[in-house]
Every structure is written in structure tokens, then in C-alpha cells.
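A short write-up of the structure that comes next.
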Amino acid sequence: MLDLKLIREKPEVVRESLARRREFAPLDEILALDESRRKVLAETEAFRARRNEVSKQIGKSGQKPRELIAEMRSVGDSIKSLEEEISSIESQLTDLTLRIPNILDPSVPDGEDASDNKLVRVGLDPRDLGFTPKPHWELGEALGIIDFERGVKISGSRFYLLKGMGARLQRALIHFMLELHICEHGYREIYPPFMVKKECMVGSGNLPKFADNLYHDAEEDFWFVPTAEVPLTNLHRDEILEPGTLPLYYVAFTACFRREKMAAGKDTRGMKRGHQFDKVEMYKFVTPETSDGELEKMVDNAEDVCRRLGLPYRVIQLCSADIGFASKKSYDLEMWAPGSDEWLEVSSCSNCGDFQARRANVRYRPSADAKVQFPHTLNGSGLALPRVFIAILENYQQADGSIVIPEVLRPFMKAEVIA
RNA sequence: GGAGGGAUCGCAUAGUGGUCUAGUGCGGCCGCCUGCUAAGCGGUUACCCUGAGUAAUCGGGGUCAUGGGUUCGAAUCCCAUUCCCUCCGCCA
């Protein structure tokens, strides 16, 4: 959520950012509501001050002066009706404000859509396999490690199941990624709930605007996490972090649930885009001055996974029109999948500035006598599993259809090849 | 799911309709004192909104789990919700 004062004092900054995102938000309406809220609030508080003063008098005197009590009764009525007015204004105001995306970082390139994203670097070049590579859905089914048909039988379209060495590969990847981030990159492991309260979704920025991509229980206030970013953002909700606490680095493995209401076709073939997928997520709470550098470090932590797995990848900076709602600056990591013949997004690393911290009301005290401030939050996949799974199958496939297991995974797999 | 108990300033507690500007102890912070000790003395101790001011700051309002209600006035009375504890039931 943006600071209302920023909208009030520098609406042009907000407008410019919105225009770059190719988005619209009713700023004039927000400003008008804000002004009337403050006006009505001033009136209410004047009445309250009067009531406090008189009540104290009555209390001290021990008398029951009729006139004053009569006056206070009408003052009470006025307060009540003004309060109703304020709460109605406030609910409109917050509803509108919560739908405004974050202000873009100046370094974000301008663009109309995803095709304007900027290539930052190629980490590892795709290599020639020396034969025509097969897509993972063919490889996986032939090896008996991915079962699309039974996934659909059990849960419907966009579900699959992993079997034998497939399931083991998935588990090995999770283990490998967690260990890397914990032991070498300094993150602390968190195992969070996979279902959260509505407020958490508001805190992370998924609600109110993106309800149609979320699963939730109809009877209880349980929302299925679309990413571990949601529970991690809310880990310190309504807290004030003591001096010396920052930076905080967290890493969590969760399943992720998304409705992904898009038509079936090339974009959803195989295990690329299911309703449920596994992901290891990195998350940071940092001081504002350090967040730019922390984003670069986080991207490097994600790249490290790609490097160690020996998978071709590149780093993209998202342009103004493609960047996420809560983010002010984002990089995506894409892995090359030779069988599917495309670059697959395996990570998105974002600096959200104080946007999520405001929503989730996470604050910190820079030093013992300093005023509280909002920290900056960053999130990044490290990495999203199914697409890494795909990349391993398609890049490590042999002419005979077997898969050589990347060296770093062998200790977890207790095997060198899937055949 | 059923029955009962509880929720107060970082922690522990006091407070059962107006003097609560929420007291006290511990802890924290700032001084002072003491040639030693987890010693003593004094002060201080949250957050949000809003108005004035360049600012330090000052004024007003709000917050005793949350939301409603009763009342001139609510930490205190009433109702609902949430969470925690105890017991019963069920259950990996």
C-alpha cells in the first residue's frame, strides 16, 4: 500500500508510475475521500474533546447537572453519526488505496508488455545435445516418472503425479535448494502454514485485487497460499522489530496453489503450469538503504541454484508493464528447455520497498531512541520446482531417453541416471 | 464438537462505573553517586490518527484481545467474535 501522504503531497509521482505500468487508479476520488475524512475527523474530535472535558467536571463535582447532561446527550449523538460517516469514508478509502500498485523504481525500463523486458545477462548458454531433444512430457511418461492421466483422474485437468525416481527427483531438488540457501547463503528455514487468513493475503498484496487467482475454503477463513511469500510477509505482521534485528533472511518450502484460469494449449502443456506446484522461496526484511543491493544478492542466490545444477539460464529485468503489483523492481530467471523449445520462468526476484511492510504493518526501530520505520521486503523464488524438473529432464536427456542426474543431486538421489 | 476459566503498558501484576493523565515490581534507556560486587538515588519508558511549525516540539483525539451495545461518562456492566488454558468427545 502506498503512503496516503505521498498520494496527497505528490500525486504526480503516483500518476507517472501508474502511466508507466499502463494502469489506472482513481486518484482524484481517493484525494477527495481523504480530504473529507480529515474534515469530518476534526469535527468529531472537537465534540469528543468537549465531552471529555465535561465528563471530567461532572465526575469531580459529584453533582448531576441536568443541562450539561442534556448537552452531552446530544453531543454523544453527534459523535455517533459522525463516526459512522468516517467509517464509511474510511472503508471506501482503504478499498481504493489497496488496489493501487507499488511505485516503480526509476531503473525499471519502460515497456508495453512482456516483449519489452530487458535481457540482463545469459548465465549459462544452451548447449547442443547432438540429437533432437524430446519434451519432458514424452520423456517423463516413457520413464514412468510423470503420470498425467492419473493426475487428471484424481484431481482434474492441470494435475499430474510424480512416481518413483520422479518423486525422488522432486524431493532431492527441494532438499538441495534449501540446504544451499541455509548453509551457504545465510537464510533461516521456515516451515509455514499452507493456508492463511484473509488479512495475510491483503498484507502480501494478493487481495483484494487478485482474488480470482486464489483458492479458499468457503466456510472458514482459509486461503491457500499461491506462494510462500504470503506467510513470510506476514511472519512479523503487526510487530515492531527491535534494533539490530535486520536484515532477516528467510527461506521456505511450500506447495503453491493457483487457479490459473487460462485456456489449455501450448502454454499449459506438460507440468509447466499446474494448479499445485512446489517452490522454495527466499524472503528478506531489510533496511531501506540496503534493499537495492539485497535484491542483487538475492538474484545471485537464485542464479547459484542454476549454476550448480548446470542448467542454461538467463536473467531478465521486467519492464514497467510486466512487473508485479507489489514490486518496485523485479528480475526473472529463465531456464532453457530444449525439448519444449522455450525459456521457462523459474524465478522472480522482487524488491517491494515498503509496500508490503505497510500493508502487513511490519515496522522496525533503527536504534533504541529512533522512531519506528517500515522495512523493505524482498522475495524471490529459489527456485520454482516443476520448471527446474522440466529443465533437468530436457537438458540432461540422452539419445536413448534416459536422464543423467546432475552431480549435486546425486547424494540425495543415490543414483546417477534415471532410465 | 460440548462444558468451564481467562485476555490490562516489553514481562509480571493492581484496578469491578467518574480522583485511571491506567498504579506497582521487573526489565530497558538516560543521568547521578559509589575505589569492587545482578549495589544505591533520580528521571524516563508504547503506538496510531489529526492540527500548528522549516524543525526540535507543542495541542487535540484514539488504543486495556476485536467488534457492537448500555451510560452524560466504560479497563470496569451487557452481547457477539477471536485466541489461550482446563476437562470431555473425536483424531493422524
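So that the names make sense, note that chain A is the first sequence line, chain B the second, and so on, each numbered from 1. Heavy atoms only: backbone and side chains are in, while hydrogens, waters and symmetry mates are out.
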Could you check whether [X] pairs with [Y] (Lys NZ or Arg NE/NH1/NH2 to Asp/Glu carboxylate O, under 4.0 Å)?
X	Y	value
A:E29	A:R99	no
A:R22	A:D110	yes
A:E184	A:R308	yes
A:K261	A:D212	no
A:D304	A:R307	yes

Pairing partner (Watson-Crick or G-U wobble, both distances under 3.5 angstrom) of [N]:
N	value
B:G17	none
B:U57	B:A52
B:C41	B:G31
B:C36	none
B:U71	none
B:A80	B:U66
B:C9	none
B:G4	B:C85

For B:G1 versus B:C78, give the span between their C1' atoms, rounded off to a whole number of Å.
27 Å

Separation between the C1' atoms of B:C33 and B:C20, rounded to whole Å:
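35 Å, rounded to whole Å.
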
Readout for nucleotides 47-60 of chain B: B = base within 4.0 Å of protein heavy atom, S = sugar-phosphate only, - = neither; 5' to 3' it is SSBSS--------B

Value in whole Å for how far the [atom2] atom of [N] lies from [atom1] of [X]:
X	N	atom1	atom2	answer
A:L68	B:G18	CG	C1'	14 Å
A:L82	B:G61	CG	C1'	13 Å
A:E84	B:G67	CD	C1'	14 Å

For A:T254 and A:E281, which I'm curious about, is there any donor-acceptor pair between the side chains at under 3.5 Å?
no

